[in-house]
Structure formats: structure tokens, C-alpha cells
Amino acid sequence: MAQTHPSTSQTMGVVLHLEGTPPAAGEFRSHITRHLDLEPRLTHYLHGPGLTARWQYDPAPDLHERVQERRIPTGDAHLHAALRDLMAQPLPDQGPRWDAWLLSGYAPDRYAICWRAHHSTQDGMGLISTLHTLFGGATPPAVRAVARPTPGAYLRTLRGTLSACAANNVWNDPARPLDGTRAVNWAHLPTQRLRGPATQRGGDTNDAFLAVLSGALRTWSADHWPRGVGRRLPALTMVNLRRAEENQRPGNLITFAPVALPCDDPSADNRLGRVIEATRSTKDAARLGAMRSLMDLTPNRVFHRAATLLTTPDRAAITTSYVAIHRPLHYGRHPVTHVQPFNWLPRNQPASIVACSYNDTTSVCFVTDAALPGLHALAELFSDAAEELAPTRSGQPQPPTQPGGPEARRTPPAEVSEDTSAVVDFAFIKDLLVHHAALPAAPIAQDATRTQAGIDSMAVTALSMALEDQLGLVVTEEDLAQAPTVADLVDLVARRAAPQPG
């Protein structure tokens, strides 16, 4: 799609909010130069027309063009305006398609790095890998536990693809055609307001994100879009299919999974339960294996045809993506206090919504088609729907709501600070081993040794990644491998998840 529709902006990225004195542009360029050989996404780009495009390598891209600085008048509102402006600006059109902007002046002892890239080179997990290369200390595990696909897994995957390509006629109102004009807004809320209710029911933060989005769209439809009232609204969620050895590979290694957002249900609790059930199959190791096999075997022209169908007005769907960064980011001694994502809007789509959790805050970017009445207020409706899912206790501190992002904190980000101990028990760990590490359930008993339970090094890595994804809990593979029995493994994770004194 990037090559066949070059007029459609496909700029995506993040804003890293830091505290400290901003570096000079020359210093920042030198920092990136030292990492060029470590990050292929900075030196590779697609070149050529349409589906004949091929990867090209530029070992020394012009960093004077790609790394720039901008002084912004005092106030977070000016920062917000600058971000909107950067989202609309084109990326470099020669060589690798990325750039970085140092933004300062809007507040003392604070600055931001706006990292922009073309979606043809970076997907969500690829972007996280780039951030860890440039601003991180440790690379998180990237392996996905993939089981041998069963015929049933292939059948369910094909059925899901066909259902996503079917006409839904939700957004093709002749009186209000989508025109591609974008409106951009953000919502910021404590991650635990999403993660807590979801993990208590066997889900994850992405499930709660989709459930809250369903509530926001339900309210919006009742006020502005009769076509959506009393029905489930079609959405496409992005699924990461990268393997461990592909951590630094440029390009997109994702697929889409359709999910019908339960906007027809008046109960926030019911909406969450229905989303958890609807997304369960996309977390199954055999289903992930089928998705990856089909992605590898599908010719480019066939995939392009399916993508074209999904961007016709009568088949349009809301696109969603969720990523989490659990390990601290920094520039030198300056901690990244907040990560604010942004995304692009595919052709003929009503909205593209991406969420990123980092440092106990989840930020959600809403890119909506301005032709749809009232949809620009979706960020506010999302915050209201999150309150409905997890009401705020009286006196509980809330993140600031200024448009540029939460106020920079005065303490470095911690690896984990939320109370997840209530859900960490034998059943929880066994469920992760079965569904994320693709292990058979029968041998996993509390008194079984790791060998008896079949927990090999691959399963340990998959468990470590699942704990990060679901709980925001960083437990390394080395630590997990020290537990001699399943019971010891459960005890280790529960102790790490328990709230720390002070």
C-alpha cells in the first residue's frame, strides 16, 4: 500500500518526553551516527514503483536533513500544535524514510524527541526495537511461541480474513462520505485502570483498550451516527508475527485480525468479557503459527488485493494497535518519562487508533476522519468510558491532562509498580505456559520439575514475554530458569509482582 498509494501519508512514530537540558542537534546526530550499524531500519528503504519495489541500503544517510531542532513558545498547547504540524509534514523522500526532531522551549528542564518513520519500514514492534537500540539499556525478548499450525488454525485464520473483507456498510453514508481529512487527538490514563480489570478476568491491557474503545464508540454512535447504534462495529487489530531472529528486520511483519467491537452492549463489564473472548484465538500459539505461515506463503499481489478490499468505503473498519514498552528508556542521564504515539489514517478508514503503555501511563492517539461528525471528541469519550470500566477511587491521583502529554515526573521510570499479585497463582502461570508457550497442559503440575512440565528455554522466554505483555512485569529468562519446580516458578513471579514497600 505504501508504494501503490504514495499520496497517502503513512507517517507513524512516537514523541519521547524527557526531563533535563536538551542536547544540541550536533550532539544528537553524533549519538544516532554511533548506532547506524546497529539498526538496519535507519539505513534501509524501499525503492521502486508499486509491487516491484526492492530494499536499498544507504550506510550514511544525511543526518543534517533527518535530525533537526525546533524551539517552541512556552506552554504545552504550543507543543501540541507543533506535534500536529510535524505529523502533517512529509518525510525525507530520498533514502531512508525517517527523521527526528528535538523540541524544546515549551517548559523549563523538559524537552521532547519526535521520532517519525514511514510505515513501509517500521511496524509497531520494529519501532520499539529502534527505540531500545537508540534509547534503551536492554532489548526485551522478541520471540513468539509458535506451535505447528493445525488444520483448524488455518481454517479459523482464513475464515477471519474472509469475514474482514466482507461488506459491512457502516461508514459508507452517501451524505457524509469519508474524505481523508485528519483530526488528531490524544488521551492519557493510568495503565492500571485498563490492566487491572482485564487481568482479573484472564485478559490483558489490549483487551481493556478495545473494550473501552467500544464504550466510547457506543456513546458517539448514539449522538452522531445512527448506522452504528445497536450493533457491533468492525475493527481490525494488528498482530505481531516477528520471530526472535527478525528483531531488527526492516519492514512490516504484522497481520490483521478482525474483531467486532461490542458497542451494542450497555454494560462495560460485559463489553470487556466479550472482547477477551473474541481476542483469545489471536493469542493461541497454533493460530499465530497459521497466521505467519499464510503471511509467508501469500503472494504480494494477493495480499495487496485483500488490503485494497479493506480500504473500500463499504468494507471500511476501524484499525487499532497496541504496544507496550516495559523497560526504561533514556537519553544519556535524562529519563524518558512518557511515550506519546501517533499514527496514520489508511484510505477510506474512519479512524486509526494506537495505544502505547509506558511508565505506568497508557497514551492513546486517535486519528479520525474529520468528515464524521463529532468523532474528533473520541479521546474525551474514551476517557469517560475508561472511568466506567474502572471507576476512580476518591483521592486517587490522576495523570495531568494537558494536550502535550502528562507532566514530566521527577523520578525515573520503574520496571513495575502495580499490584498484580492477586492474579498471579498456579492457574495463571499454567494458562500462560499453555497458551503463550504452546505447552501441553497435562504435565504442568505444581510439584512437577521444569523438565517434567516440559518448560524448556523457549517456553521460559515465551513466559518472560507474556509477563511483560500482560502484567508489565519484567522477569528475565535467567531468573525464571532458576526455579526448579512449577511451584517455585509461581512463587517467584508472585513475589516479583507483589507491591514493594515504600
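In this text, all values refer to a predicted model and were calculated from it rather than measured experimentally. Along the sequence shown, residues are numbered consecutively beginning with 1.
No donor-acceptor contact under 3.5 angstrom links the side chains of Arg274 and Ser214, judged on distance only. Checking Thr319 against Gln349 by side-chain atom types alone, no donor-acceptor pair falls below 3.5 Å. Side chains of Arg287 and Ser281: a donor on one and an acceptor on the other come within 3.5 Å. For the residue pair His334 and Tyr111, a side-chain donor N or O sits within less than 3.5 Å of a side-chain acceptor on the partner. Side-chain contact of His338 with Thr361: a donor-acceptor pair under 3.5 Å is absent, judged by distance alone. Of the N and O atoms on the side chains of Ser357 and Tyr322, at least one donor lies less than 3.5 Å from an acceptor on the other residue.
With Leu194 as the fixed residue, the side-chain contact (heavy atoms from CB on, under 4.5 Å) test singles out one of Thr199, Thr362, Asp204: Thr362. Of the candidates Lys283, Arg195, Arg201, Lys283 is the only one forming a salt bridge (Lys or Arg N to Asp or Glu O under 4.0 Å) with Asp207. Just one of Asp479, Leu480, Asp488, Leu432 meets the side-chain contact (heavy atoms from CB on, under 4.5 Å) condition when paired with Val493; it is Leu480.
No donor-acceptor pair under 3.5 Å is formed between the side chain of Thr121 and the backbone N or O of Arg41.
Annotation for Phe426: atom CZ counts as buried by contact number, over 12 foreign heavy atoms lying within 6.0 Å. Counted within 6.0 Å of CG on Asp37, heavy atoms from surrounding residues, nucleotides or ligands total 12 or fewer; the atom is thus considered open. Within a 6.0 Å radius of CZ in Arg333, no more than 12 heavy atoms belonging to other residues, nucleotides or ligands are found. Residue Glu380 qualifies as open at atom CD: its count of foreign heavy atoms under 6.0 Å is 12 or below. Atom CZ of Arg232 is surrounded by 12 or fewer heavy atoms from other residues, nucleotides or ligands within 6.0 Å.
With respect to the salt-bridge test (charged N to carboxylate O, under 4.0 angstrom), the residues Arg280 and Glu277 qualify. Under 4.0 Å is where a charged nitrogen must lie from a carboxylate oxygen, and between Glu388 and Arg218 no such pair does.
Within the structure, the salt bridge (Lys or Arg N to Asp or Glu O under 4.0 Å) test picks out the following pairs touching residues 120-129 (sequence neighbours left out): Asp123-Arg242.
Between Tyr331 and Phe28, the ring planes are perpendicular. Angles over 60° get that label, and only those under 30° would be called parallel. Taking the six-membered ring where the residue is Trp, Trp115 and Phe135 present perpendicular rings, their angle passing 60° and hence far from 30°.
A 4.5 Å side-chain heavy-atom check between Leu329 and Leu18 finds every atom pair outside the cut-off.
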